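The chains referred to below are lettered A, B, ... by the order of the sequence lines, with proteins before strands, and numbering in each begins at 1. The model shown is predicted, which means the values in this text are computed figures rather than measured ones. Just so you know, these numbers use all the heavy atoms, side chains as well, and skip hydrogens, waters and symmetry mates.
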Protein chains: 2
Amino acid sequence: MKLDSTPDDVVPALLGGGGAGTTMPAPPLRGRVTMQQVAAEAGVSISTVSKVINGRYGVSADTVDHVTRVIDRLGYEASLIARSLRNRRTNVVGVLVMDFEPFSTEVLKGVADAIHGTGYELIAYSAGGHVEAREGWERRSLTRLMATLVDGAVLVTPTVTDVQADGPVVAVDPQAGPSALPAVAAHNLQGARLGVEHLLELGHTRIGMITGRSDLMSAQQREQGYREAMAAAGLDVDEALMPSGGFEPDLSQVAARELLSRADRPTAVFAANDLSALATLEVARELGIEVPGQLSVVGFDNIPESVLAEPPLTTVQQPIRRMGQEATEMLLALIAGEDVHDLDRTLDTSLVLRSSTAPPPS
Amino acid sequence: MKLDSTPDDVVPALLGGGGAGTTMPAPPLRGRVTMQQVAAEAGVSISTVSKVINGRYGVSADTVDHVTRVIDRLGYEASLIARSLRNRRTNVVGVLVMDFEPFSTEVLKGVADAIHGTGYELIAYSAGGHVEAREGWERRSLTRLMATLVDGAVLVTPTVTDVQADGPVVAVDPQAGPSALPAVAAHNLQGARLGVEHLLELGHTRIGMITGRSDLMSAQQREQGYREAMAAAGLDVDEALMPSGGFEPDLSQVAARELLSRADRPTAVFAANDLSALATLEVARELGIEVPGQLSVVGFDNIPESVLAEPPLTTVQQPIRRMGQEATEMLLALIAGEDVHDLDRTLDTSLVLRSSTAPPPS
DNA sequence: CTGAAAGCGCTAACAA
DNA sequence: TTGTTAGCGCTTTCAG
């Protein structure tokens, strides 16, 4: 479809050093303008053009001037790719994500915040959310981009952290044990306590939990927070009241239905994430259970949809954007070769009070 | 997860060529694993490795098998960059944005939606929101990535559309006249009419507008929609009631203050975007004007913040994500060489009713 | 001060 | 079936 009409069979016209007689019309060519073409057009060698572009010493002012003019006229811009291949430094940082969804794009905004004014460029890469690629996408993406395209990378929600790249890598919300990577995470445990304590203060004592994907650290920590809060209140946890929703809507619906259909159903539910909480809301409606009148629900994440829920969801908010910012600051410091003291940061979460919680029915 | 305990690390048989004593134990090397290393480790030539990787014919099953194993063991992954430089086709599409903010990230999600299952990978690129780079960032970004890294690109909110790239490019929400580029935009005019008509139906007759950045097409169209709706209702527009807020908070505050301080202040304000509407809400609060009791406000965009406003903002919603999807569908078709019939699409907007509008005070 | 030449990691003719 | 060779666009010694 793309014809390659690069006229490289045109012998570059000889030009004197004075460069006065450059009367070539040379309209902006079709397609990509290469350094080759600039050189030919300016009547100098490729390396001279390169020097001019990179401001290297050893080029006469006249030449610089002339070449610069030609570059402007042709609208030449160096290819990031070709340059990356040759150089070690690229001045680009990468954000690697499994897919572009609410969480990762929010992180992305934070990264963008932090990158402003640093002179770095930003590339976000996703392998397209391939299902088969789920396992080890972080490793693949990293090897694909790192050391050639980017100087460092922020890995969003990686499930494996033993990656080895030859540049700095910082993980945001890592999901595999105590990571070997510098990381920024939300304080899941504290957040969960916050959510459950809110329920406790309201007077609830029979509180169920829809747990998350047990293989993820965040899910485990949230469950742990739930247990701790209950224990601190001197309450026993009833394992029967803790079905798993796997962090996703369908499973959560099943879990919620199970929980809310019980004769001794809880008066409040703490969900491992907003998606699960939303599913709970739906099931409650289905079952004719009023929220928050007969049932209180607390979520986790504060995704945009949670505001729009009916009723608006009370939830634990993660400072997602902030996480992106901190990760980037760490990354830039690491790239700069500074030694960063705190390589594993945990950011506090906060409770967002909306309308899905109330005191238990009397 | 998967430890390789396969003892196939048998030292490759004899190596011809100048291969000196090639009894390297070669544990997974530090840093990037290159094809070179795989070849050496497998005792074959680089091109053979390349053939194996790309599934080219002409390699014995045994060799394929052996090389594959070595690749796995070494964790080799082809460099996107090097490959891009060589090939014309990369199987990557790019999204070029000025910066990662709410609008562009929403578009990004749409693009990601559309890219799922197509086998394409996705790269989003931002020059880092450089202020000095504002002018012509689209041209620069395009030449930097296009034809080397990506097969085609989606340009988000470009201010210049006469870009020339040697691959397909689709613009989303282009801001410069009838674009020369295939484009997807929201129906700004219709949206504005929708917003103003809502106010009209409520009974307002004295409706002011905070206009947008006059150099942007979207702003002009929204203003045009306002005028048309007013005209259709048989109402004259008072030019004094149309200060510019430039699409941004600070200027909008000034504009709103001007508007609301008038003795004959309007009973309703249509703002060119949500940022301006939010600013208006703030000024109203400052001035002790009740919304929606004494003043109705309608915005445009439906950014996330608009739900959280006090009161929640009634606004015109753009199908941003959908725009990203359509643009991507177009782009993929273009890349595939299909001829796309409708190269300039306009998507309808819709009114989101919330609590910032009410009938005018009597 | 300028240009020729050697690659960066990879693919694709073309030879062997 | 395999290896050799020539680049993709660029930077960088190192001679002229």
**Student:** Is there any salt bridge (charged side-chain N to carboxylate O under 4.0 Å, His left out) pair reaching into residues 74-85 of chain B, and which pairs are they, with sequence neighbours excluded?
**Tutor:**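 Output for this query is empty, none listed.
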**Student:** Walk along nucleotides 3-11 of chain C from 5' to 3' and tag each nucleotide B, S or - by protein heavy-atom contact under 4.0 Å, base first, then sugar-phosphate.
**Tutor:** BB-BBBBBB
**Student:** Please round to the nearest 0.5 Å and tell me the distance separating atom OG1 of A:T63 and atom NE2 of A:H66.
**Tutor:**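 If we round to the nearest 0.5 Å, A:T63:OG1 and A:H66:NE2 are 9.0 Å apart.
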**Student:** A:L80 CG to D:dC10 C1': how many Å, rounded?
**Tutor:**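 It works out to 12 Å between those atoms.
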**Student:** Taking NZ, NE, NH1 and NH2 as the nitrogens, is one of them in A:D65 or A:R69 under 4.0 Å from a carboxylate oxygen of the other?
**Tutor:**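 The answer is yes: the pair qualifies as a salt bridge.
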**Student:** Which value, rounded to the nearest 0.5 Å, describes the distance between A:S47 atom OG and A:M35 atom CE?
**Tutor:**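 Reported to 0.5 Å precision, the distance equals 7.5 Å.
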**Student:** Partners of A:T105 by side-chain hydrogen bond (donor to acceptor under 3.5 Å, both in side chains), sequence neighbours excluded?
**Tutor:**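 With sequence neighbours excluded, A:T105 shows a side-chain hydrogen bond (donor to acceptor under 3.5 Å, both in side chains) to no residue whatsoever.
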**Student:** Output all residues satisfying side chain to side chain contact (heavy atoms under 4.5 Å, CB included) with B:T90, sequence neighbours left out; order by chain, then residue number.
**Tutor:**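 Partners of B:T90 under the side chain to side chain contact (heavy atoms under 4.5 Å, CB included) test: B:S84, B:V92, B:D151.
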**Student:** Mind calculating the distance between CD (A:Q37) and C1' (D:dC8) to the nearest angstrom?
**Tutor:**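 Answer to the nearest Å: 13 Å.
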**Student:** For A:T118 and A:I115, indicate whether the former's side chain and the latter's backbone hold a donor-acceptor pair under 3.5 Å.
**Tutor:**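 Present.
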**Student:** Mind grabbing the angle between the end helix axes of the helix from C:dC1-D:dG16 to C:dA16-D:dT1? Five pairs an end, 10° rounding.
**Tutor:**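 Comparing the first five pairs with the last five, the axes sit 50° apart.
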**Student:** With sequence neighbours excluded, what pairs up with B:K51 under the salt bridge (charged side-chain N to carboxylate O under 4.0 Å, His left out) test?
**Tutor:**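 Residues passing salt bridge (charged side-chain N to carboxylate O under 4.0 Å, His left out) with B:K51: none at all.
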**Student:** Looking only at side-chain N and O atoms, does A:T63 come under 4.0 Å of OP1 or OP2 in C:dC1?
**Tutor:**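 A:T63 to C:dC1 OP1/OP2: no side-chain N or O under 4.0 Å.
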**Student:** Rounded to the nearest angstrom, tell me the gap between atom CZ in B:R88 and atom C1' in D:dG9.
**Tutor:**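 In whole Å, D:dG9 C1' and B:R88 CZ are 12 Å from each other.
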